[in-house]
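Accompanying notes for the structure given below.
We're numbering straight along the sequence, starting at 1.
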Amino acid sequence: MTAARLQVPVLDVDQWRRRVPARRFALPDLPPAALARMADALGVPVADAAAGVDEIIRRVRERGDAAVLDLTEAFDGIRPAALEVSAAEWDAGVAATAPEDGAAIEAMAARIEAFHSLQRPRTLTLGEVELRPEPLRRVGAYVPGGRARYPSTVLMNAIPARLAGVGEVLVTTPPGSDGGVPAEVLYAARVAGATRVFRAGGAQAIAALAYGTESIPAVDKVTGPGNVFVTLAKRAVFGVVAIDGLAGPSEILVIADDSADGGQVVADLASQLEHDPMAWAVLLTTSPRLAEQVARELAEDELAARFAAEAAELHAAVVNVPDLETVVELAAEFAPEHLQLLVADPETLLPNVRAAGMIFAGHHSPVPMGDYVAGSNHTLPTGGAARFSSPLGVYDFYRWTSVVRLSAATAREIAPVGIQMARMEGLVAHQRSLELLLERDAADSEGTV
C-alpha cells in the first residue's frame with residue numbers, strides 16, 4: 001500500500017495567520033473507537049478521555065499497586081510480576097546493552113551534565129533577608145515506552161534532577177511485551193543517577209507518582225512527556241504535585257532564506273513529524289524558490305509521507321514572507337518548541353528572536369542535535385507555551401525558601417512602615433503585632449540602661 005502524500009500548502013502571511021489559532025494548545029478528542037477501547041479496558045462507560053483518566057486516578061488512589069497492575073494488564077496487555085525493577089534485573093540490563101549504545105548514552109550524558117552543571121542557583125541575600133534554593137526531596141521522571149525506547153528522555157529528566165541534589169529520582173516507564181524494561185533505558189537510568197525504576201506507564205503511572213502506592217512512593221514533582229492520557233493525568237494531579245508542563249505535539253518552525261539547503265530543510269521538518277503525526281512542521285521563508293522546492297520535496301518525502309499517513313489533521317505548511325522582520329514577528333506569535341534559523345547571518349537575527357523553546361542558529365545546528373547531543377534539554381514547552389515557559393533544567397528541581405533574620409536595629413527602623421501599611425489596609429492584628437514588637441524592644445532597651 002502506497003503511503004499518502006503529505007499535503008503541504010504554500011501560504012502568504014495573511015493566510016498563515018488565519019490558519020493558526022492565537023492559543024493553539026488543545027488536547028485532542030479521542031475518536032469513538034479509542035473511547036470504546038478505553039471503556040472496555042476500564043469496564044465502565046467513558047464520556048471522554050478526561051473522564052477515563054479521572055477514573056484511573058481514583059482507582060490508583062484507592063487500591064494502590066493492585067490498581068496499577070490491573071490497569072497495566074488492561075491497557076498494555078501485560079501484568080508485570082513486580083512494579084519495581086530489581087537490582088539484579090537492572091544490572092542485567094546494563095550488562096546487555098551493546099557497547100556502542102552504551103558509549104553513545106555516556107557521551108550524550110556527559111554533554112548534558114556539562115551544560116546543566118552551569119544552572120545550579122545560589123542563595124540570594126540582601127542584608128538580613130535571603131532567598132535560599134532547596135532541592136526537592138523526591139521526583140518522578142516519566143519515560144514513554146511500550147513499543148519504543150527512549151534512553152534520551154531518561155537522561156534529559158534524571159540528570160538535571162540529580163545535579164540539583166534531589167534525594168530520590170524515580171523513573172517510570174511502560175513495560176514491554178515481555179514485561180521488562182529495555183536494556184538501553186536501564187543503562188541510561190544508571191548513567192543518569194536515577195534511584196529506582198518502575199515498570200508502569202500511562203495515567204496510572206502518573207497517579208502512582210502523585211499519590212503513592214505500596215511500591216511507588218509519592219513524589220514532589222512529575223516530569224517527562226507522554227501521550228494524551230499522560231498529559232491529562234498530569235493536568236489532573238497538578239496541585240497535589242508539581243509538574244513540568246503539559247506536552248502537546250512536537251513543533252518545528254524553520255526560518256530560511258536563499259542560503260538554506262532545501263534538502264536539509266525537508267529533512268529537518270520531517271524529523272519532527274517522526275515524533276507525532278500531529279506535529280507542526282512549518283517553513284517561513286523570504287525565498288519563493290525555496291518555498292516551492294520545500295513544498296514539493298516535503299510532499300514527496302517518503303519518511304514525511306509515512307508519518308503523515310497516520311494523521312487526521314496535518315500541520316505542515318510553507319509560508320512566503322516578504323522580509324526577515326516579518327518572519328521574526330510571525331515566529332514570536334507562534335512561539336514554537338523548536339525554532340531553526342537557516343539564514344546567511346543568524347547572529348544578526350538571533351537578538352531579535354523571542355518566545356521559542358530552543359533556537360537552532362546556523363546551518364550546522366539541526367534540531368536533532370538538540371534532541372540528543374548538543375547538551376541543552378529537549379524537554380521543551382509546546383503549544384505556544386514558550387511565551388511563558390522554559391526548557392527543563394536544574395532550576396526546575398528546587399523550591400525556594402525566604403529567610404528573614406532581622407536585627408533589633410533593623411526591626412526598629414522598618415516596623416513603622418509596616419504599622420502604617422497595616423493601618424492603611426485595616427489589618428489591626430498585624431498593626432498590633434508590630435506595635436508590641438516596638439514596645440517590647442523599647443522596654444528591653446530601658447532595662448539595660
Notebook entry, point to check: Ignoring hydrogens and geometry, is there a side-chain-to-backbone donor-acceptor pair from Asp76 to Ile78 under 3.5 Å?
Noted result: no
Name each donor-acceptor pair under 3.5 Å that joins a side chain in residues 34-52 to protein atoms two or more places apart or in another chain, with its distance.
residue: Asp48; atom: OD1; partner: Ala50; partner atom: N; Å: 3.3
residue: Asp48; atom: OD1; partner: Ala51; partner atom: N; Å: 2.8

Check: So, are Glu435 and Arg432 salt-bridged, with charged N and O less than 4.0 Å apart?
Finding: no
Notebook entry, point to check: Just checking, is any N or O donor in the side chain of Asp323 or Thr326 under 3.5 Å from an acceptor N or O on the other one?
Noted result: yes
Note to self: Tell me if a side-chain donor or acceptor on Asn377 pairs with a main-chain N or O of Met156 at a distance below 3.5 Å.
What the structure shows: yes
Notebook entry, point to check: Which of parallel (below 30°), tilted (30 to 60°) and perpendicular (above 60°) describes Trp16 and Trp280?
Noted result: perpendicular
Notebook entry, point to check: Is it the case that more than 12 heavy atoms not belonging to Tyr398 sit under 6.0 Å from its OH atom?
Noted result: yes
Next item on the list: Hey, could you give me each pair passing side chain to side chain donor-acceptor pair (under 3.5 Å) that has a residue in residues 353-367? Not counting sequence neighbours.
Entry: Ser259-His363
Next item on the list: Any chance you could measure Asp12, atom CG, to Asn320, atom CG, to the nearest 0.5 Å?
Entry: 8.0 Å
Notebook entry, point to check: Can Glu134 and Arg399 be counted as an ion pair, charged N to O under 4.0 angstrom?
Noted result: yes
Margin query: Taking the basic N atoms (NZ, or NE/NH1/NH2) and the acidic carboxylate oxygens, is any pair closer than 4.0 Å for Asp70 and Arg59?
Written below: no
Check: With no hydrogens and no angle check, do the side chains of Asp257 and Thr286 hold a donor and an acceptor under 3.5 Å apart?
Finding: no
Margin query: Please check this pair: side chain of Gln119 against backbone of Val394, looking for a donor-acceptor N/O pair closer than 3.5 Å.
Written below: yes
Item checked: Glu168 and Thr195 side chains, donor-acceptor separation under 3.5 Å -> no
Next item on the list: May I ask you to decide if Gly393's main-chain N or O and Asp396's side chain share a donor-acceptor pair within less than 3.5 Å?
Entry: yes
